Amino acid sequence: MHRYRSHNCGALRKSDVGNETRLSGWVHRVRDHGGLLFIDLRDHYGITQCVIDPDSPVFNLAETVRSEWVLCIEGAVRERADDAVNKNLPTGEIEIFLEKLEVLAECPELPLPVFGEQDYPEDIRLKYRFLDLRRERIHNNILKRGRIMSSIRQRMVEEGFFEFQTPILTASSPEGARDFLVPSRMHPGKFYALPQAPQQFKQLTMIAGFDRYFQIAPCFRDEDARADRSPGEFYQLDIEMSFVEQEDVFQAVEPVLRGLFEEFGDGQPVTQKFPRIPYAEAIQKYGNDKPDLRNPIIMEDATDHFRGSGFKIFAGQIENDDKVRVWAIPAKTGGSRAFCDRMNSWAQGEGQPGLGYIFFRDGEGAGPIAKNIGEERTSAIRSQLGLEDGDAVFFVCGDPKKFASFAGDARTRAGETLDLVAKDRFDFCWIVDFPMFEWDEQEEKVDFSHNPFSMPQGGLDALENQDPLTINAWQYDIVCNGIELSSGAIRNHRPEIMKKAFEIAGYEESVLEEKFGGMLRALTYGAPPHGGIAPGIDRIVMLLCGEENLREVVMFPMNQQAEDSLMGAPSEVSARQLRDLHIRLNLPKTPAS
RNA sequence: GGGGGUGUAGCUCAGUUGGUUAGAGCGCUGGCCUGUCACGCCAGAGGCCGCGGGUUCGAGUCCCGUCACUCCCGCCA
């Protein structure tokens, strides 16, 4: 018999009754009846109930075991009496009658109970992550993550993609987030950077004549954390393809994600054909570029209903400024003064002057705005938005650039408060036609709004003849349930277009040469048209596990301050190490202690 | 860098208007218990109320500062 086990703790069934077995695992739970003792033994595979009575030679030892001790036990598989069967366990029809017991490891009182699914403080969970990971829910999340990884690889290969590896120690990139730097011992004063994404490498892979690249790529960015954004490092399903247009990327990626979510989404419906929503339309209808389509509320322009109306606050603004618009946020079933007032005071809490509204009852509109604009206009608004008695509509007025995000928040809040948001489904969409450039208010100049490597729609002609702020890029996002899952683009593979784009954004050609010299050189030697995308793996797993926080699907995450309290990272290093790297510390002043 | 929330036993939490010796559940220790599976019953140990200062006759409670964790803003091509 094997030194530690003949079976695992999830394996034994009725058909094994009578056999001698050996199991090893952790003490999950002990139930001591004095003359009868139950020990639930747990391992990766499951839980098996062990039973000991005073006839057993190891009864006295068994009485001393505590939670999370590691045991190796031996005994006969017994069938449980009908009324003792535990239907909640796969092994619930049998138990082991203990004949031998070896304590492999003991365990002191636990800072973090493994048994049960109570919530525990994040810092303790991370410090004792090895205990936390024994718990059922997160243990299963990590397993699901692994299965998702395998499925992704299989699906990508089936779609004709090939997996590549790109460097981890690379050069600092001038664009994007702050880099993590690694000092060079051989080149004093010089640094490697960890890649923020293998963006340039995957493009170089295409230029090198490979086709259909993918990689489950670690990405490193020194930026602050959020619930859905790990500090430091995360993984992307990095994809790039040659000789493609936007539509080809969509056709390649959409079935992978749809299939993945159907496989791991526990039967929740998944969007069959992802709708494509232009960026400008997403802003107008949903107030942001990552709309949660489970929320049925769609905003509409209602400016004309207020132009020259008796509601002077809006009418005056419309009169004075061409840019001013009124957006209507329809709220089905929100037609009560109480709800409308709650929304209004929420808006004031958000720093807004308020949130105007009309609510409909007894066949007419109620509230101050309805009184001011009169019956005819109120009725026109109602029919435009398809509202009925018992519904409400909210209004925001001003320059859409400034209020769009607040309007989007109001849409989200109304949908959630009124319970209009569909549950248990994955609603995908593509956001397309992102603007190539945007006006930088602080610098008072035109700048790239997204990725400088994206191809402008209309190519060189558009750059030379169009108002830059009206040019769109072949740039797209995938959004699921209001979470931005990935961002991608058809790349700019023409050096002269690249130079022109940087010129418009106010960069000298020398800057382009200096910062992207390697890339530019590659583009001049026959670059194929190419494009790709990079879905965020951690966020995909988070959605599929039904978790709200990335740390629930990452084995060893850092805390919000980007510290690993288990391994003690970041840490000080020895003077010798610093000397090797030609580094002298220049620490910030701390208050005298 | 900024804003919000939290911080009381190993863990989860309660703690009234500022008023005697700071409580409960789980866990831990001891005792009882032969069919439990969140076993049950009895007893016990366990507290710098995050830390520092202040107000007060008196502070877990009020004020100021600070630290930790977390959520958000900034940041994230």
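Letters go in sequence order (proteins before strands), and every chain restarts at 1. Quick caveat, the model's predicted, so the values are computed rather than measured.
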Peer 1: With a cut-off of less than 4.0 Å, is there a side-chain N or O of A:Q561 near OP1 or OP2 of B:A68?
Peer 2: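 Checking B:A68 against A:Q561, no side-chain N or O comes under 4.0 Å of OP1 or OP2.
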
Peer 1: Side chains of A:N141 and A:E547 only: does a donor on one sit below 3.5 Å from an acceptor on the other?
Peer 2: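 Side chains of A:N141 and A:E547: pair found under 3.5 Å.
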
Peer 1: Within the modelled atom types, does a donor on one side and an acceptor on the other bring the side chain of A:D224 and the base of B:G74 under 3.5 Å apart?
Peer 2: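 Yes, a donor-acceptor pair under 3.5 Å.
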
Peer 1: Is there a side-chain polar atom (N or O) of A:N549 under 4.0 Å from OP1 or OP2 of B:C71?
Peer 2: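 True: A:N549 side-chain N/O within range (under 4.0 Å) of B:C71 OP1/OP2.
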
Peer 1: Using a heavy-atom cut-off of 4.0 Å across all strands, would you classify A:I124 as base, sugar-phosphate, or nothing?
Peer 2: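 The residue A:I124 makes sugar-phosphate contact but no base contact.
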
Peer 1: For a quick test of reading the model: is some side-chain N or O of A:R229 closer than 4.0 Å to OP1 or OP2 of B:C73?
Peer 2: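 No, A:R229 has no side-chain N/O under 4.0 Å of OP1/OP2 on B:C73.
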
Peer 1: Is there a Watson-Crick or G-U wobble partner for B:C41 with both distances under 3.5 Å, and if so, which one is it?
Peer 2: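 Its partner is B:G31.
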
Peer 1: Would you say A:R31 reaches B:C39's phosphate, i.e. side-chain N/O to OP1/OP2 under 4.0 Å?
Peer 2: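 Checking A:R31 against B:C39: at least one side-chain N or O falls below 4.0 Å of OP1 or OP2.
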
Peer 1: Tell whether A:R125 reaches the base of B:C69 with its side chain through a donor-acceptor pair below 3.5 angstrom.
Peer 2: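 Such a pair does not exist between side chain and base.
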
Peer 1: So, under a plain 3.5 Å distance rule, would you say the side chain of A:R66 forms a donor-acceptor pair with the base of B:G27?
Peer 2: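 In this structure, the two groups form no donor-acceptor pair.
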
Peer 1: With a 4.0 Å cut-off on heavy atoms, is A:V114 in touch with a base, just the backbone sugar-phosphate, or nothing at all?
Peer 2: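 A:V114: no heavy atom of the nucleic acid under 4.0 Å.
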
Peer 1: Using a heavy-atom cut-off of 4.0 Å across all strands, would you classify A:A177 as base, sugar-phosphate, or nothing?
Peer 2: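 The residue A:A177 makes sugar-phosphate contact but no base contact.
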
Peer 1: Please work out if A:N88 contacts a base, only the sugar-phosphate, or nothing of the nucleic acid, heavy-atom cut-off 4.0 Å.
Peer 2: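 No contact.
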
Peer 1: For the residue pair A:Q352 and A:Q348, confirm or rule out a side-chain donor-acceptor distance under 3.5 Å.
Peer 2: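 A:Q352 vs A:Q348: no donor-acceptor pair found between side chains.
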
Peer 1: Hey, is the side chain of A:N86 pairing donor to acceptor with the base of B:C37 inside 3.5 Å?
Peer 2: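 Yes.
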
Peer 1: Once you round to the nearest 0.5 Å, how far does CG of A:L237 lie from CD1 of A:I533?
Peer 2: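 Separation between the atoms: 9.0 Å.
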
Peer 1: Is A:F453 touching bases, backbone alone, or none of the nucleic acid, heavy atoms closer than 4.0 Å?
Peer 2: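 No contact.
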
Peer 1: For residues A:C9 and A:S24, report the shortest heavy-atom separation together with the two atoms involved.
Peer 2: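 That would be SG-O, 3.6 Å.
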
Peer 1: Calculate the interatomic distance between A:L566 atom CG and B:C69 atom P; express it in whole Å.
Peer 2: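 To the nearest whole Å, that distance equals 15 Å.
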
Peer 1: Is A:R29 near enough to B:U36 that one of its side-chain N or O atoms lies under 4.0 angstrom from OP1 or OP2?
Peer 2: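 Checking A:R29 against B:U36: no side-chain N or O falls below 4.0 Å of OP1 or OP2.
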
Peer 1: Using a distance-only criterion (donor-acceptor N/O pair, under 3.5 Å, no hydrogens), is the base of B:G35 paired with the side chain of A:E95?
Peer 2: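 Between B:G35 and A:E95, which were checked side chain against base, a qualifying N/O pair under 3.5 Å is present.
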
Peer 1: Heavy atoms, side chains only, cut-off 4.5 Å: are A:P528 and A:I207 in contact?
Peer 2: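 Contact flag for A:P528/A:I207 side chains = yes.
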
Peer 1: Counting the atoms with a prime plus P, OP1 and OP2 as sugar-phosphate, which does A:F38 contact under 4.0 Å by heavy atoms, base, sugar-phosphate, or nothing?
Peer 2: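 Here A:F38 touches the bases of the nucleic acid.
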
